[in-house]
Number of protein chains: 4
Amino acid sequence: MLDTPPATRRERRAEARRTQILSAAATVFSRKGYERATTREIAAAADVSEGTLYNYFATKRDLLVGVAQNYADEVTGAITESTAEDIDTLVAQLIANRFRHRQERRLFMLFLQEAHLNRDVYQFYVQEALARIISDTEKLIQTAIDNGKMRPVDPGLAARTISATIMGFSVMFEFSDALWDGLKRKDGQPITADWLGGQVADLFLHGLEK
Amino acid sequence: MLDTPPATRRERRAEARRTQILSAAATVFSRKGYERATTREIAAAADVSEGTLYNYFATKRDLLVGVAQNYADEVTGAITESTAEDIDTLVAQLIANRFRHRQERRLFMLFLQEAHLNRDVYQFYVQEALARIISDTEKLIQTAIDNGKMRPVDPGLAARTISATIMGFSVMFEFSDALWDGLKRKDGQPITADWLGGQVADLFLHGLEK
Amino acid sequence: MLDTPPATRRERRAEARRTQILSAAATVFSRKGYERATTREIAAAADVSEGTLYNYFATKRDLLVGVAQNYADEVTGAITESTAEDIDTLVAQLIANRFRHRQERRLFMLFLQEAHLNRDVYQFYVQEALARIISDTEKLIQTAIDNGKMRPVDPGLAARTISATIMGFSVMFEFSDALWDGLKRKDGQPITADWLGGQVADLFLHGLEK
Amino acid sequence: MLDTPPATRRERRAEARRTQILSAAATVFSRKGYERATTREIAAAADVSEGTLYNYFATKRDLLVGVAQNYADEVTGAITESTAEDIDTLVAQLIANRFRHRQERRLFMLFLQEAHLNRDVYQFYVQEALARIISDTEKLIQTAIDNGKMRPVDPGLAARTISATIMGFSVMFEFSDALWDGLKRKDGQPITADWLGGQVADLFLHGLEK
DNA sequence: AATGAATGAGACTTCATTCAT
DNA sequence: TATGAATGAAGTCTCATTCAT
């Protein structure tokens, strides 16, 4: 993002290829998982030959790392760009926005699995991206407490709880037919990410207890 | 459960072998994931030959299904056996108990990934086990509302939110060093599952807002 | 056949088992071929365990040899028992009788294939059985020539030609739908082995030429 | 045949590889049969790696189908190209030419065996090739009858009888030591395909009977 | 003598990676 | 730089044979 755009035409074309390949890889990885995705399939999706893949990435694993880095950038970008002023709106936004797309949700789970086996994915996605989201959330909560908008809960714990909930929802969304079909809105409207964000924010803010 | 224990010695030995193999498979799958786990490795962990594996399970995938069924039984067993009388203790228990073990947490993620690709895993783990947990939680909340212990939130939504949080925590636990190190207890004690359960239950019940 | 029947009850039972196993092996071999037939399947067809198979035959290949011996006995038995007095009837009988059953036709082809790879099958089936059939036919033809019933053709050649034709028919019968459907009897009757035998004998005896 | 030869060098090389692999497969299949032939051995015979086999044929069975198609083309080509003017020469030629080579004779048997288990082999070899040979022979015989060169036998039956004889000889050739050694030419010359063709044609045309 | 679970060699097939064109 | 055929290691699964019961 902040990188200066490549100067020469050759460099610009190379950068475009990289993007094109990573996008194809993201699609295939999200659908098949890492192991079941084949370089052949990724090449086909990127509309290049398998050989070309290896001109841009040394190994298949590097493709995964590249995709993880891309998504780490996106995911951390989102929270820092949030313009929500109160915690109420913020929680609603986080839930509504994060993992709105199937591909993102699948990749999220994929990265977590692969983080166990790949140091780079661990570093880029877990250590830098997820840890940063938690830390940012923590700061927002601390501010809300300082401003008297929130009771003095442990902000680290609260941030982790909210993050866990969002992660959990992203997992559950994947199985909407089995896990969500039982849920109905009282007004009969279909369940949307926005409505859900608002409802869950309400639960979090006001609690369950009478 | 209701099956009478196998009568003959041969049958008892066969049952023991099945258990022994499934246990080995669970270990290897949880460490390597499905694709990276090899039948050779599973056989070695079970201390049998690769051929023997196939006397008990027709395919490698059936091994995964077998493991999933086992864990589905365990996971649903836990909630129905819960003796918690108030919602307070129940939430704390759910969080504290579920996924207390590393292997279970890893398998949880694995099953969800593989559920996309295997009908049986989907059925046994997602449709029957997870869906049942949510449904049971929903009933407990409804009861709490009826008893006036909880404000009249949508029980379906609340059950899903609590479940999502637990799932999310189970994911986060896996990366304790990156995601949990920042969290400290005020009293300086180490973070335990029980303490965490209590704290999160408090957040859920009383909300964040002042 | 000429063996004295086993004296003791134990020996009689053992002999019955051998027969039972060989019969099952013949069935399975004829359906699947040698390699694709499994000892498990043969055991099941014989209604014994796999282990029992090995109490009677040292290897799977010995099962094939046993089957080949059985059929060699049968096939040579047939011609020597022939009561046909003239060459006319003999040719008709040979064609009509040999390979009347699907299982025999299949085993015939199987033995020929396997004779290349197994010395015993070669010896029992090709060297002893087939060679004897040819030799017997040759003698019959020589007699017919001597009796003035046949023109002085080379009896060795004639015997081999007749044998080749019978073998060829047995192969073609296997693909009756593709290779026989085009053939119709003038009287509209269905094609039977007897009719075919008569017709072919006529061709052989009187020739094609006007 | 009507295909234009591949234009590019790459395509020409690919076609050569296919041919090279099929030729190796034909050799190995003819020696070992289908099941006993290993892809490792075929690859070695073709002087390529096992992986390369699968760049040209999806499965081992497809290799067999490819070989069968090749031979089906050859076998049907032969009869239609026959220039024999009288039935006498034709029969002699058919017998002399067909299955002149050991590999062809072995593959003939192999295809018939495998035709039971593989639809494509059945179609290409039995339905199209063998059935066509019979049908072509039938037409030649019908013509000979119409021209008054042959007595009015059933042409379908005669064609099948000749075909059966040729097939049978091809089978018997395989066991020349056991089945042919007894045959001697009166003039002391060695037995050749041409001589044999002539002799058998004589038998067929003029019959056995005095 | 009968059983059938255990074995392990070896088969087919896939696929990440290389390299000549 | 792009291509895609070639490679071969490694994976899953089968099955003849053995052997403790």
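Every chain is numbered from 1 and lettered A, B, ... according to where its sequence line falls, protein lines coming before strand lines. Keep in mind the model is a prediction, meaning the values are calculated, not measured.
The side chain to side chain donor-acceptor pair (under 3.5 Å) test applied to B:Tyr71 returns B:Gln103, not counting sequence neighbours. Here C:Arg61 pairs with C:Glu114 under the side chain to side chain donor-acceptor pair (under 3.5 Å) rule; sequence neighbours left out. When the side-chain contact (heavy atoms from CB on, under 4.5 Å) test is applied to A:Ala115, the partners found at least two apart in sequence or on another chain are A:Val121, A:Tyr122, A:Val126, B:Phe175. By the side chain to side chain donor-acceptor pair (under 3.5 Å) test, B:Tyr56 pairs with no residue at all, sequence neighbours left out. The side chain to side chain donor-acceptor pair (under 3.5 Å) check on B:Glu50 picks up B:Thr39, with sequence neighbours excluded. With sequence neighbours left out, C:Asp120 forms a side-chain contact (heavy atoms from CB on, under 4.5 Å) with C:Val65, C:Asn118, C:Gln123, C:Phe124. For B:Asp62, the side-chain contact (heavy atoms from CB on, under 4.5 Å) test picks out B:Phe57, B:Ala58, B:Thr59, with sequence neighbours left out.
Look at D:Thr52 and you won't find any side-chain N or O under 4.0 angstrom from OP1 or OP2 of F:dA5. Note on D:Ser49: every side-chain N or O is 4.0 Å or more away from OP1 and OP2 of F:dA6. Proximity of A:Arg17 to the phosphate of F:dA2: a side-chain N or O atom is located under 4.0 Å from OP1 or OP2.
Comparing atom distances between the C:Val48 side chain and each of F:dG4, E:dA6, E:dT3 picks out E:dT3 as nearest.
For the pair D:Arg12 CZ and F:dG4 P, the computed distance is 17 Å after rounding to whole Å.
Using a 4.0 Å heavy-atom distance criterion, D:Ala37 is classed as a sugar-phosphate-only contact. Among the heavy atoms of the strands lying under 4.0 Å from B:Thr38 are primed sugar atoms or P, OP1, OP2 only; no base atom is included. Backbone-only engagement by C:Tyr56 is indicated by non-hydrogen atom pairs under 4.0 Å involving sugar-phosphate atoms exclusively.
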Are any protein N/O atoms closer than 3.5 Å to N/O atoms in nucleotides 17-21 of chain F? If there are, list each pair with its distance.
from, atom 1, to, atom 2, distance (Å)
F:dT17, OP2, C:Tyr54, OH, 2.9
F:dT17, OP2, C:Lys60, N, 2.7

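Taking 3.5 Å as the limit, the base of E:dA6 and the side chain of B:Asn55 contain a donor-acceptor pair of atoms between them.
Applying the side-chain hydrogen bond (donor to acceptor under 3.5 Å, both in side chains) definition to pairs two or more places apart or across chains, those involving residues 19-34 of chain A are A:Arg17-A:Gln20, A:Lys32-A:Glu41.
In the region residues 20-35 of chain D, proximity to DNA chain E at under 4.0 angstrom, judged on heavy atoms, holds for none of the residues.
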Item checked: Watson-Crick or G-U pairs under 3.5 Å in DNA chain E, rendered as dot-bracket with [ ] for crossing pairs and | for another strand -> .||||||||||||||||||||
